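Fair warning: this is a prediction, and the values are worked out from it, not measured in the lab.
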Amino acid sequence: MKSITQIFALVCLFTASACAQARKTEPIKPEDLTKPIAEKAGAGVTVRYIANEGVLIAAAGKQILIDGLHREYKPDYLFPPPELRAILENARAPYDKINLLLVSHVHLDHFHPESIGLYLNRNPRAILATSEQAVAEVEANFTGYEKIRSQIKPVVHEWKKSASITQDGMKIKFLGLRHGGDRWKAMQNLGHVIEIGGKKLLHIGDADMTAENFISFNLAQEKIDIGLIPYWFLMSAEGRALVREQFNPAHIIAVHIPPAEAAQVIAQLKKDMPDAVAFTKILEERHF
C-alpha cells in the first residue's frame with residue numbers, strides 16, 4: 001500500500017503543468033537567511049514566519065518549530081525557498097538549536113518526512129512530537145529512521161481528546177481535531193496549545209471550522225495570548241464569531257494565506273479585524 005506521502009507525490013506528478021508553474025517565493029536577502037531570532041530580554045515570545053502555517057516560536061533560549069519543515073508542493077501555498085530549506089534541513093544557524101518539532105498533519109504544505117528526518121539527524125538534541133500518522137510517514141520515507149527513532153514521541157490522535165507533554169520546560173497540549181473537508185476524515189489533524197516564555201499560543205492546523213470540533217477543549221478559558229489562525233476562519237462573520245467564542249485569543253496572526261490572495265486578505269482584515277496580523281512575508285517576525 002502506498003503511503004500518504006507517496007499518494008500526494010503522484011497527484012502532483014499527474015498535475016505536472018501546475019506544479020511546474022508553482023509560484024516562486026520572493027528572493028530573500030542572504031543576510032536574512034542567517035539572521036538570529038530577535039528574542040527580547042524579559043518575558044515574551046518571538047514568532048518568526050517560515051511559510052504557509054509554519055512558524056518558529058522562541059523564548060528564553062528555547063525554540064519550537066511547527067509545520068515549518070515542508071517543501072514546494074502546490075502553487076497555491078508558500079513554501080521555504082531552496083536556500084532557506086537547505087539551512088533548515090541541515091540544522092544550520094539560526095535553526096541549529098530548535099528543541100521541539102511539531103506537525104499538525106501530513107499534508108505536504110505542512111510536512112515533509114525527509115525534511116523532518118534530515119533535521120532530526122543533524123540536530124540530535126531536537127525532539128519530534130506528533131501524530132502516529134506523521135511518525136509512520138517519517139518511518140516509511142526517511143531512510144535513516146533508525147538513527148532518529150529515539151528522538152520521536154508519537155502522540156495518539158483521538159477526536160475531541162487531548163494529551164500533554166512537557167519538553168525542555170515547554171508544555172504542549174495536543175488537541176485531537178478533525179481536519180476540514182469530508183475527504184480528509186482519516187487525516188489526523190493535531191491542534192496545539194503551546195506554553196513558552198510565559199505565553200500561550202494556539203495552532204490548529206487545518207481544523208474543521210465548526211464549534212463541535214473545539215468545544216470539548218474549553219479553549220476560551222485557556223487565556224490564549226496568540227492565536228495562529230488559518231485565514232479562512234477570519235473571512236466571514238460566522239468564522240470570526242467562532243474564533244471569539246471558542247478561542248478568544250488576545251492577539252491573532254492569520255496564516256496559510258495564498259500568495260495570490262494576500263492583498264485581498266490583508267485588505268479585508270484591515271476592515272474587519274484591524275488588530276490582526278497577516279503573515280505573508282517569509283521570515284517576518286512579531287514579538288509578544
Side-chain angles (χ1 to χ4, degrees), residues 24-72 77-104 109-130 138 142 144 148 151-152 167-172 192 194-201 203 225-226 228 251 253 255-256 277-288:
K24 301 301 180 184
T25 55
E26 295 180 7
I28 298 174
K29 296 177 182 178
E31 59 268 27
D32 289 341
L33 288 169
T34 55
K35 184 179 178 181
I37 312 303
E39 291 188 54
K40 296 184 179 181
V45 301
T46 297
V47 183
R48 173 178 285 190
Y49 187 46
I50 302 300
N52 202 42
E53 277 193 22
V55 294
L56 181 78
I57 302 163
K62 305 295 183 183
Q63 296 182 7
I64 295 171
L65 181 64
I66 180 166
D67 281 9
L69 285 165
H70 58 94
R71 299 177 178 181
E72 181 175 347
Y77 309 124
L78 272 181
F79 51 86
E83 61 272 26
L84 176 57
R85 197 187 93 194
I87 292 172
L88 284 164
E89 292 181 352
N90 286 283
R92 297 176 190 156
Y95 306 104
D96 55 334
K97 296 180 174 63
I98 295 171
N99 303 83
L100 184 61
L101 302 179
L102 302 172
V103 174
S104 64
D109 52 326
H110 297 256
F111 158 90
H112 196 286
E114 187 174 9
S115 294
I116 293 282
L118 287 171
Y119 187 86
L120 291 174
N121 187 50
R122 284 152 188 176
N123 179 2
R125 298 180 301 277
I127 296 296
L128 168 68
T130 188
V138 178
F142 181 63
I148 63 171
Q151 295 169 257
I152 296 176
Q167 181 68 38
D168 295 329
M170 303 171 292
K171 184 177 179 181
I172 314 297
H192 301 82
I194 299 165
E195 295 186 46
I196 180 175
K199 303 289 185 182
K200 283 187 180 181
L201 299 92
H203 187 287
D225 295 290
I226 304 124
L228 295 148
H251 304 279
I253 301 177
V255 292
H256 213 314
V277 172
F279 268 175
T280 60
K281 184 178 179 181
I282 290 174
L283 300 184
E284 66 179 299
E285 291 182 348
R286 293 291 188 277
H287 183 81
F288 299 90

Pair His256, His110 - check side-chain contact (heavy atoms from CB on, under 4.5 Å), show working. CA-CA 10 Å; His256 213 314; His110 297 256; 3.4 Å; yes
Stepwise side-chain contact (heavy atoms from CB on, under 4.5 Å) test for Ile194 and Ile64: CA-CA 9 Å; Ile194 299 165; Ile64 295 171; 3.4 Å; yes
Go through the steps to decide whether Ile196 and Leu201 satisfy the test side-chain contact (heavy atoms from CB on, under 4.5 Å), and finish with yes or no. CA-CA 8 Å; Ile196 180 175; Leu201 299 92; 3.8 Å; yes
Apply side-chain contact (heavy atoms from CB on, under 4.5 Å) to Ile57 and Thr46, showing your working. CA-CA 6 Å; Ile57 302 163; Thr46 297; over 6 Å; no
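Heavy-atom minimum distance, Ile98 versus Ala126: O-CB, 3.4 Å. Shown here for Pro36 and Pro94, the closest heavy-atom pair between the two residues is CA-CB, 4.0 Å. Between Gly68 and Leu88, the shortest heavy-atom distance links the atoms O-CD1, 4.0 Å. Shown here for Lys199 and Gly44, the closest heavy-atom pair between the two residues is CE-CA, 4.1 Å. Of all non-hydrogen atoms in Ala93 and Ile87, the two that sit nearest each other are O-CG2, 3.9 Å.
Looking at heavy atoms from C-beta onward, Leu100 lies in side-chain contact with Met170 at the 4.5 angstrom threshold. Side chains of Tyr49 and Ile253 form no contact here, defined as non-hydrogen atoms less than 4.5 Å apart. Side-chain contact between Thr130 and Leu102: absent, with no pair of heavy atoms (C-beta onward) separated by less than 4.5 Å. Residues Asn90 and Leu118 form no side-chain contact, since every pair of their non-hydrogen atoms from C-beta on lies 4.5 Å or further apart. Residues His192 and Ile66 are in side-chain contact: their nearest non-hydrogen atoms beyond the backbone lie under 4.5 Å apart.
A side-chain donor-acceptor contact under 3.5 Å links Glu89 and Ser115.
To the nearest 0.5 Å, atom OH of residue Tyr119 and atom CG of residue Leu128 are 12.0 Å apart. Remark: Phe79 CZ to His70 NE2 distance equals 9.5 Å, nearest 0.5 Å. Rounded to the nearest 0.5 angstrom, Asn123 CG and Leu65 CG are separated by 11.0 Å. The distance from atom CD1 of Ile50 to atom CG of Asn52, rounded to the nearest 0.5 Å, is 12.0 Å. With values rounded to the nearest 0.5 angstrom, Leu33 atom CG is found 10.5 Å from Arg92 atom CZ. A distance of 4.5 Å separates CD of Glu195 from NZ of Lys200, quoted to the nearest 0.5 Å.
Ion pairing between Glu72 and Arg85 fails under the 4.0 Å rule for side-chain N and carboxylate O.
Applying the side chain to side chain contact (heavy atoms under 4.5 Å, CB included) test to Ala58 and every residue at least two apart in sequence or in another chain returns Ile37, Glu39, Gln63. Applying the side chain to side chain donor-acceptor pair (under 3.5 Å) test to Asp32 and every residue at least two apart in sequence or in another chain returns nothing. Taking Gln151 as the reference, Leu120, Ile127, Ile148 meet the side chain to side chain contact (heavy atoms under 4.5 Å, CB included) condition, with sequence neighbours excluded. With sequence neighbours left out, the side chain to side chain contact (heavy atoms under 4.5 Å, CB included) criterion links Arg286 to Val277, Phe279, Glu284, Phe288. With sequence neighbours excluded, no residue forms a side chain to side chain donor-acceptor pair (under 3.5 Å) with Arg125. Tyr95 pairs by the side chain to side chain donor-acceptor pair (under 3.5 Å) definition with Arg48, not counting sequence neighbours.
The main-chain N or O of Val45 is found under 3.5 Å from a side-chain atom of His287 such that the two form a donor-acceptor pair.
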